[in-house]
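Worth saying up front: this structure is predicted, and the values here are computed from it rather than measured. Per chain, numbering begins at 1; letters A, B, ... match sequence-line order.
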2 protein chains.
Amino acid sequence: MSDIVKLPRFLLIKQYIENHIASGNWPVGTRVPSENDLAASFSVSRMTARRALKELDDEGLLTRAPGLGSFVAKPKALPPQVELPNVVENIQNFGIYSCRIVGLERIQADMLMAQRMRVNMDDELYKGTFVHLNRDKPAQFEEIVVNPLVAPAFIKQNYHKVTADAYLNWVAAPSHVEYRLSAVMPSAMQRRELGLTHEGEGVCIKITKRNWSQDTVMSLSTLINPAEGYHLGKEIK
Amino acid sequence: MSDIVKLPRFLLIKQYIENHIASGNWPVGTRVPSENDLAASFSVSRMTARRALKELDDEGLLTRAPGLGSFVAKPKALPPQVELPNVVENIQNFGIYSCRIVGLERIQADMLMAQRMRVNMDDELYKGTFVHLNRDKPAQFEEIVVNPLVAPAFIKQNYHKVTADAYLNWVAAPSHVEYRLSAVMPSAMQRRELGLTHEGEGVCIKITKRNWSQDTVMSLSTLINPAEGYHLGKEIK
DNA sequence: CAGTGGTCTAGACCACGTT
DNA sequence: ACGTGGTCTAGACCACTGG
């Protein structure tokens with residue numbers, strides 16, 4: 001016996017169309033019945049038939065054009081995406097978080113940094129260097145350069161309780177964020193701070209992150225994670 | 001002077017609500033006017049007021065509940081995501097692609113592989129090993145294990161022109177894909193195949209990808225890329 | 001021109017949660 | 001009982017497209 005649940009009519013129409021598409025019966029580009037056609041053949045008002053087509057349009061299964069009709073859209077293979085885990089947040093939620101402040105200082109922009117921060121050379125910038133620890137074990141090395149105009153008090157904060165990233169999100173949420181990820185061998189300083197003493201170990205994931213507030217760069221941070229145990233995406237086992 | 005364009009009424013209502021939310025006038029959790037309220041105050045039918053609320057709901061700005069009303073939703077910070085570049089596709093588009101077939105054979109599933117492929121131990125599997133080259137320079141090492149039930153002819157194909165991945169997508173598009181990314185030091189065999197001769201070089205990005213067709217595993221592939229020049233996300237310069 | 005989708009109306013019935 | 005959103009109707013006018 002079929003379910004006793006009474007499905008809304010617009011859902012029946014959607015399923016009718018979805019089935020024709022999924023079965024290959026209506027290949028890409030096929031013109032599907034118009035709102036009036038569906039209204040007639042399903043004994044339904046046009047508004048109801050319209051809703052079915054509208055939602056299939058929203059879901060990307062159909063393309064609709066006034067004066068032309070509704071057509072089976074070609075499936076757009078959305079590029080595979082992985083989430084970037086927030087190491088500090090994970091520790092705060094599931095571990096014991098602490099932070100070693102390696103440095104917190106004013107610097108002058110060299111040529112490269114001026115270019116990346118979209119400021120002039122020799123402009124003053126703030127720079128913070130941190131090691132994030134889980135149960136007193138180094139988990140991530142962070143270096144962040146901040147535009148003083150966006151966060152004048154950045155250098156006066158106490159980053160034992162609140163991370164620099166969290167503070168910046170507080171004083172001015174970025175309007176846009178850029179990420180870049182690669183794998184590197186850490187520098188001697190980074191190895192030391194991360195406690196990577198053995199000769200063999202050392203592969204690290206490096207994430208570069210730039211926060212924008214409209215057209216000005218708020219901050220540029222570099223995160224170095226030991227590759228050991230650092231993964232993106234779902235567990236595969 | 002304001003634009004002469006005549007906006008649809010439901011858009012005016014949407015803007016009215018959006019403005020109240022954006023200005024902080026209606027903080028998260030605030031109950032917004034009901035469909036009937038809006039219909040009355042905008043001298044519009046309920047269906048039109050409804051459409052405005054419906055679309056704001058779809059866009060995540062509102063949460064609606066029958067019997068209760070519509071409420072300002074709390075902005076959900078979508079986790080940052082990066083796209084996984086398809087190395088082979090990039091070479092085919094912007095370089096000169098070729099492929100060295102290292103191996104193409106039947107294997108028996110050991111315990112680990114059986115678990116990952118969701119088959120029984122000692123079941124037959126197909127395994128392909130490839131090196132993808134750009135201008136005859138190794139760019140990616142690939143190892144792919146395939147379920148024979150899904151692609152019985154997998155092992156008989158010629159993978160010089162079409163990649164194993166492309167072939168599998170052809171015979172049976174996956175219904176779901178899992179990714180996992182990490183950084184590793186390549187094995188001796190991988191180093192040899194990738195032409196990593198110098199002692200210092202060697203950090204690699206490893207991508208594990210599992211294709212599902214409904215509830216069966218179609219394939220499990222491991223991609224090894226020299227980290228040198230391999231990046232995810234937007235260029236930051 | 002006839003047909004399409006886009007917008008809109010003024011009603012209606014229902015299931016649901018609060019009171 | 002009342003108001004909410006969810007579904008639905010039978011009309012309507014419009015801008016746009018094709019033949």
> Given the rule in the side-chain contact (heavy atoms from CB on, under 4.5 Å) test, do M218(A) and W212(A) qualify, once you have shown the distances and angles that lead to the verdict?
CA-CA 5 Å; M218(A) 296 172 52; W212(A) 292 79; over 6 Å; no

> Among residues 33-42 of chain A, which ones have heavy-atom contacts with DNA chain D below 4.0 Å?
none

> Are there over 12 heavy-atom neighbours, none belonging to K14(A), within less than 6.0 Å of that residue's NZ?
yes

> Atom pairs under 3.5 Å, N or O on each side, protein against nucleotides 14-19 of chain C: can you list them with distances?
none

> Check whether more than 12 heavy atoms from other residues, nucleotides or ligands sit under 6.0 Å from atom CG of N93(B), and answer yes or no.
yes

> Which residues pass the side-chain hydrogen bond (donor to acceptor under 3.5 Å, both in side chains) test with K127(B), not counting sequence neighbours?
none

> To the nearest Å, how far apart are E55(B) CD and dG6(C) P?
12 Å

> Minimum heavy-atom separation for L181(A) to L181(B), with atom names?
CD2-CD2, 4.3 Å

> Could you state the interatomic distance from CG (L133(A)) to CZ (R135(A)), rounded to the nearest 0.5 Å?
12.5 Å

> Using the salt bridge (Lys or Arg N to Asp or Glu O under 4.0 Å) criterion, which residues pair with K54(B)? Sequence neighbours excluded.
D58(B)

> On the nucleotide dG6(D), are OP1 or OP2 found under 4.0 Å from the side-chain N or O atoms that R50(B) carries?
yes

> Can you label the angle between the Y159(A) ring and the F130(A) ring as parallel, tilted or perpendicular, going by 30° and 60°?
perpendicular

> Take atom NZ of K14(A) and atom C1' of dT7(D), then tell me their distance rounded to the nearest Å.
14 Å

> Please tabulate, one pair per line, each protein N/O and nucleotide N/O from nucleotides 8-12 of chain C that are separated by under 3.5 Å, including the distance.
residue, atom, partner, partner atom, Å
dC8(C), OP1, R9(B), N, 2.4
dC8(C), OP2, R9(B), N, 3.4
dC8(C), OP2, F10(B), N, 3.4
dT9(C), OP1, R9(B), NE, 3.4
dT9(C), OP2, S45(B), N, 2.8
dT9(C), OP2, S45(B), OG, 3.2
dT9(C), OP2, T48(B), OG1, 2.6
dA12(C), N6, R46(B), NH1, 3.1

> R64(B) has an atom CZ; how far is it from atom P of dT4(D), in whole Å?
12 Å

> Can you say whether the rings of F154(B) and Y126(B) are parallel (under 30°), tilted (30 to 60°) or perpendicular (over 60°)?
parallel

> May I have the distance from L53(B) (atom CG) to dG6(D) (atom C1'), rounded to whole angstrom?
13 Å

> List for me each residue that meets side-chain hydrogen bond (donor to acceptor under 3.5 Å, both in side chains) alongside N86(A), sequence neighbours excluded, and say none if there are none.
none

> Taking only Lys NZ, Arg NE, NH1 and NH2, and the carboxylate oxygens of Asp or Glu, determine whether K209(A) and D165(A) approach each other closer than 4.0 Å.
yes

> Rounded to whole angstrom units, what separation is found between the NZ atom of K54(B) and the C1' atom of dT4(D)?
17 Å

